[in-house]
Novice: 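Let me begin by handing over the structure; questions about it come next.
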Amino acid sequence: MSKNNIREHSAPVYEGIENAPARSMMRATGFDDDDFTRPFIGIASTWANVTPCNMHIDGLAREAEQGANAAGGKGIIFNTITISDGISNGTEGMKYSLLSREIIADSIETVVGCQAYDGVIAIGGCDKNMPGCIMGLARLNRPGLFIYGGTIKPGVGHTDMISVFEAVGQYAKGEINEIQVKQIEEVSLPGPGSCGGMYTANSMASAIEALGMSLPGSSAQEAVSADKIEDCQRAGEAVMNLLRLDIKPRDIMTKAAFENSIKVLIALGGSTNGVLHLIAMAHTAGVELSLDDFVRIGKDIPVVADVRPSGKYLMSELIAIGGIQPLMKRMLDAGMLDGSCLTVTGKTLAENLADVQDYPEGQQIILPFDAPIKKDSHLVVLKGNLSPTGAVAKITGKEGLHFAGPARVFEGEQGAMRGILDGEVQPGEVVVIRGVGPKGGPGMPEMLKPTSAIIGKGLGASVALITDGRFSGGSHGFVIGHVTPEAYEGGPIGLVQNGDQISINAETREMTWQVSEEEISKRRAAWVKPKPNYTYGALAKFAKLTTGAEKGAVTDLNLDV
């Protein structure tokens with residue numbers, strides 16, 4: 001064993017005569033004698049050309065490798081997978097999305113655990129690979145940090161990915177023609193980076209920075225920028241510092257740190273997926289976090305960011321005025337954040353924010369706390385006889401706080417899309433999309449196409465949508481997801497029939513199914529559990545192992561051990 005404890009994992013595998021075969025293998029990759037004296041830093045890259053979110057991350061990984069090498073480590077790049085929700089949304093492929101989070105966490109744990117790396121840097125650029133990276137870091141609990149790949153630049157005419165989805169609905173309504181849809185399609189995504197609003201990728205990047213697991217500023221940088229290159233280089237130095245200080249992810253990811261993360265997510269008007277992912281990340285870090293924590297915290301935190309999808313501005317415009325650091329400084333000064341939480345700089349959150357300057361005068365993206373977009377959280381947890389263990393809505397107040405109407409029920413997303421685009425769905429109705437939960441889908445796919453079609457068809461203010469599936473961070477309108485228990489498990493959402501009255505009250509956080517207990521009992525007695533959609537392969541394994549959405553839809557909680 002090396003006397004230097006910063007090599008506690010690599011030294012037993014690569015030092016001594018008996019480990020000559022391991023060294024020989026690494027020499028073939030370019031190692032020399034000096035490299036074997038350095039701490040091994042695994043760099044988990046989510047590079048792939050399957051999506052613009054990650055197409056540049058190979059270059060960022062090389063920058064992080066150079067940073068680690070310059071700081072006295074030996075960087076070793078390896079890849080994990082990524083998929084694109086933006087491509088698979090509305091198709092059978094979308095069922096693999098949430099599953100990919102678990103595969104990413106599994107693969108990072110597997111490579112680092114097998115290859116005996118002392119520290120870890122994980123780089124993600126799309127919404128599932130980001131919590132997947134954090135979950136991998138938490139499982140391993142070796143000094144490490146996360147790098148966000150960065151946001152995409154705005155498209156021509158202030159367009160982004162959601163502009164394309166909503167154009168489909170506008171076409172169905174007759175507002176624009178096919179040529180105009182193609183024009184929007186061609187200009188909305190100008191290059192590398194994650195979707196440009198406060199959708200799930202930018203929401204999770206901000207939440208991870210607030211958690212303390214990425215360097216200050218990492219969440220608010222464009223993918224193609226000098227700042228992002230510097231962020232990656234600094235990460236190499238930072239992980240070596242964490243090794244020297246023996247600071248591990250679970251030292252940083254405490255209950256107080258998760259509460260900071262939730263508060264920043266709320267202030268930014270972030271994605272409902274943040275609820276699912278933060279609960280999953282907390283589970284992996286050994287921290288108790290539940291929907292009740294979001295309710296408790298949300299009562300005191302206002303929404304102050306006027307950002308898409310509910311607001312006007314894109315992430316690049318927030319970056320231009322200083323990103324999220326000035327917001328966090330405001331929140332700290334107002335007593336909203338716990339400044340004593342440790343971060344990957346080796347310093348506390350308060351120390352990191354000490355010299356941060358406020359936003360420039362006249363900016364209109366981040367509003368004052370006394371004049372917010374919403375005085376409390378937009379992430380509304382609803383319970384009631386339709387969602388006994390909870391559902392999650394994103395309600396900024398612009399959609400209204402109450403809705404009531406008859407149910408229009410669809411088994412799955414494809415039927416719902418046809419119903420919306422063909423005019424079956426009428427104003428005043430509550431669209432119910434079921435059978436798309438973690439087990440039933442399986443995979444809890446996002447309902448971005450239906451919500452975008454509703455907005456594009458001009459129904460955003462006149463219909464509500466509830467589902468046991470998820471929503472994209474780009475979804476907006478009166479939408480409620482994560483309804484639990486899910487239909488596949490016999491939850492009440494699986495018993496709803498067309499015409500049943502449903503009322504939703506975001507102020508009292510109740511979702512009520514206006515059907516008598518006698519009728520509900522009758523329907524439950526007649527209910528037959530659906531056959532699984534997959535009986536082998538990765539989706540079948542996910543369906544077998546996953547928890548409900550209220551527990552983060554993780555796959556290592558239901559193990560019989």
Novice: About how many Å separate CG of Asn79 and CD1 of Ile108, when rounded to the nearest 0.5 Å?
Specialist: 10.5 Å
Novice: Which heavy atom in Glu63 sits nearest to a heavy atom in Cys232, and how many Å separate them?
Specialist: CB-CB, 3.8 Å
Novice: Salt bridge check: are Asp34 and Lys74 linked by an N-O gap of less than 4.0 Å?
Specialist: no
Novice: Between the side chains of Glu102 and Thr555, is a donor N or O closer than 3.5 angstrom to an acceptor N or O?
Specialist: yes
Novice: Using 4.0 Å as the upper bound for N to carboxylate O, is an ion pair formed by Lys248 and Asp246?
Specialist: yes
Novice: Any side-chain heavy-atom pair from Ser316 and Pro154 closer than 4.5 angstrom?
Specialist: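 Yes; the side chains approach each other to less than 4.5 Å.
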Novice: What are the two closest heavy atoms between Asp118 and Glu8, and how far apart are they?
Specialist: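 Scanning both residues completely, I find the closest heavy atoms to be OD1-N, 3.5 Å.
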Novice: Just one of Ile365, Asn202, Leu314, Leu268 clears the side chain to side chain contact (heavy atoms under 4.5 Å, CB included) bar with Val307, so which one?
Specialist: Ile365
Novice: Enumerate the side-chain hydrogen bond (donor to acceptor under 3.5 Å, both in side chains) contacts for residues 123-141, please, sequence neighbours excluded, ordered by first and then second residue.
Specialist: Thr82-Asn129, Asp85-Lys128, Ser97-Lys128, Asp106-Arg139, Glu109-Arg139, Lys128-Glu446
Novice: Would you please say whether a donor-acceptor pair under 3.5 Å links the side chains of Asp160 and Tyr199?
Specialist: yes
Novice: Charged N to carboxylate O under 4.0 angstrom, Asp358 versus Arg330?
Specialist: yes
Novice: Will you find, in the side chains of Ser290 and Glu550, an N or O donor that is under 3.5 Å from an N or O acceptor?
Specialist: no
Novice: Is it true that Arg296 and Glu259 have a side-chain N and a carboxylate O under 4.0 angstrom from each other?
Specialist: yes
Novice: Just so I know, are the side chains of Ile134 and Ile208 near enough to count as touching, which here means a heavy-atom distance under 4.5 Å?
Specialist: yes
Novice: So, Asn19 side chain and Glu15 main chain: donor-acceptor pair closer than 3.5 Å or not?
Specialist: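 Answer holds: yes.
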Novice: Once rounded to the nearest 0.5 Å, what's the spacing between atom CE of Met204 and atom CZ of Phe146?
Specialist: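 Rounded to the nearest 0.5 Å, the CE-CZ separation comes to 8.5 Å.
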Novice: Does a side chain donor of either His482 or Arg470 reach within less than 3.5 Å of an acceptor in the other side chain?
Specialist: no
Novice: Under the ring pair (Phe, Tyr, Trp, His ring centres under 6.0 Å) rule, what pairs show up with a residue in residues 18-46, not counting sequence neighbours?
Specialist: Tyr14-Phe40, Phe31-Phe36, Phe31-Phe40
Novice: Is it true that Lys228 and Glu222 have a side-chain N and a carboxylate O under 4.0 angstrom from each other?
Specialist: no
Novice: Given 3.5 Å as the limit, does a donor-acceptor pair link the side chain of Thr200 with the main chain of Ser271, or not?
Specialist: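 No, Thr200 side chain to Ser271 backbone: no donor-acceptor pair under 3.5 Å.
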Novice: For Gln357 and Gln325, does a side-chain donor sit closer than 3.5 Å to a side-chain acceptor?
Specialist: no
Novice: Are Leu211 and Thr343 side-chain neighbours, meaning at least one heavy-atom pair lies under 4.5 Å?
Specialist: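 Not in contact.
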Novice: Before accepting this row, confirm whether a basic side-chain N of the pair Lys263/Asp338 lies closer than 4.0 Å to the acidic partner's carboxylate O.
Specialist: no
